[in-house]
Amino acid sequence: MTRKVYVFDTTLRDGEQTPGVSLSIDDKFEIAKALDALGVDIIEAGFPAASEGEFTAVKKIANAGLKAKVAALARLNKKDIDTTLSTGIKHIHVFIATSDIHLQYKLKKTRDEVLQIIKENIQYLKDKGVEIEYSAEDATRTEKDFLLKAFRVAAESGASTLDIADTVGIASPSLMKELVTMVKKEIPDVMVSVHVHNDLGLATANTLAAIEAGAEQFHGTVNGIGERAGNASIEEVVVGLKVLYGIETGINFQKIYETSKLVEKLTGVRIAKNKPIVGENAFGHESGIHTHGILNNPRTYEPISPEMVGRKRWFMAGKLSGSHGIAAQLNEMGIIVNDEQLTEIVKRVKSLGDAGKQVTDADLYAIAMSVTGSSPQKYLSLKGIVSVTGMNISPTTSIRMSFKEKDLESSSTGIGPVDASLKAIQKALEGVLKVNLIEYSIDAITGGSDSLAQVSVKVEDEEGHIASSTATGPDIVMTSVEAMIDGINKLLLKRVK
Ligand code: KIV
Ligand code: ZN
């Protein structure tokens, strides 16, 4: 029988504890729906006793009829517990620390007092019709006999899940294994869970080690966001479980990337380019040796296929590129070149790379156009635009574009005229192409209020194709629109192979 591991998602609680992150009720609700579609088993929607907004958000999520169980966090006191229960959640996650350092400097309680708090409050919860999960905060720095005592009291009082929290991310994989093995042996008939932080970069390894030792559930967040260096990344753990151990979770791998992007957008926490699974470079290749290998058999340099997690492989041209990779990149753009043209293109790419320049696909496209003497194919072009901004009105843009001879029109508001304009472009294309703007940057390249602006954009379609483009001009709205339309044209070239 295949083993299933349960995914307890804490993006909306521990993830929101990331310094600088504060989600509105609507943002939390949107993320909760995405987590439900992703297939997590439990959504920890927040900490209702912390604020009115948290209470309202948890209540809204708990009553939204999601497939996932909705949980919320509470300290072990009756006030927190009552507030939390009144949201309508089905799973309560209660915690109190067990390590001596927390008892002495934070709680100022003896071990016996802590055991009493666990007993009283979990017994109080026992007949309230909710599942009870108890986390021993700072469990990995707790003296083992006392940790077992605390867990025993929690289980005897009514907790059905015991969670070993590596609160400061200090555990090693072998310690995690030892603790899980100990709890499973000494306290049978409860679910054992782990909650791991990433302070030493070990969150995924520690979570996998705990599951190897028999833990049935893990806590994690999308993109690994969370306090300090974050929590275990759900995407890393579930992919690790599948490819290394053949262990299933309820996660729909095809939804991993879009969920990651949504969390990035709403929390404002940027995903590092080299982050496993969801980072921009996770399936990107530049060196000629790797690209050649990949083109012969992707398994040569890819541990998992990008499609497995809803992504696409991509190649970047640079000084380390070879002709195989560049020909494949051009081919993806729909550009066919002869051997002589390819040699010239590779030469120009390498000399740009040697000069320390990053060769984006926009640059490669321009080089190929110049070498082949072709003019760039444009499916989408601007026919008219009005953008207004001011005080006491939302900046608004109305746009008309031509797409393959058809006129597309739309209007949108935004937080500024650039935002309104780029949203109007995306809106006009609805039904034709779903475009996500995944990167936008603007630099002034001369001084003064008449500076030239250089705008770079990176756009992505729903099939995972990515294209970047740069435009330079004196008007930031028009330059942004130009870069966006150019990027979309490059995306369209990739689609119409
Ligand atoms: O890191 C931690 O210990 C927690 C607890 C509330 C489980 O987030
Ligand atoms: Zn935590």
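Side chains included, hydrogens not; waters and symmetry mates left out as well; all remaining heavy atoms used. Start at 1 and go down the list; that is how both ligands and their atoms are numbered.
- By the 6.0 Å and 45° rule, Arg311 does not stack over the aromatic ring of Phe283.
- Counting heavy-atom neighbours within 6.0 Å of Lys184 NZ, excluding the residue itself, gives a total above 12.
- A donor atom on one side chain and an acceptor atom on the other are found under 3.5 Å apart for Tyr440 and Ser480.
- In this structure, the side chains of Pro306 and Lys312 stay at 4.5 Å or more apart for every pair of heavy atoms.
- Sorted by chain and number, the protein atoms of type N, O or S within less than 2.8 Å of the Zn ion (ligand 2) are Asp14 OD2, His195 NE2, His197 NE2.
- Residues forming a side-chain hydrogen bond (donor to acceptor under 3.5 Å, both in side chains) with Glu462 (at least two apart in sequence, or on another chain): none.
- No side-chain N or O of Lys275 forms a donor-acceptor pair with one of Ser260 less than 3.5 Å apart.
- Sequence neighbours left out, the pairs with a member in residues 44-58 that pass side chain to side chain donor-acceptor pair (under 3.5 Å) are Thr10-Glu44, Arg13-Glu44, Lys28-Glu54, Glu44-His93.
- Looking only at side-chain heavy atoms (C-beta outward), Thr18 and Thr267 stay at 4.5 Å or farther from each other.
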Please tabulate, one line per pair, the protein N or O atoms found under 3.5 Å from any N or O atom of ligand 1, giving the distance to one decimal.
from, atom 1, to, atom 2, distance (Å)
ligand 1, 1 (O), His195, NE2, 3.1
ligand 1, 1 (O), His197, NE2, 3.0
ligand 1, 3 (O), Thr167, OG1, 2.6
ligand 1, 8 (O), Arg13, NH1, 3.2
ligand 1, 8 (O), Arg13, NH2, 3.0
ligand 1, 8 (O), Asp14, OD2, 3.1
ligand 1, 8 (O), His195, NE2, 3.1

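- Ser193 and Asp163 form a side-chain donor-acceptor contact under 3.5 Å, judged by distance and modelled atom types alone.
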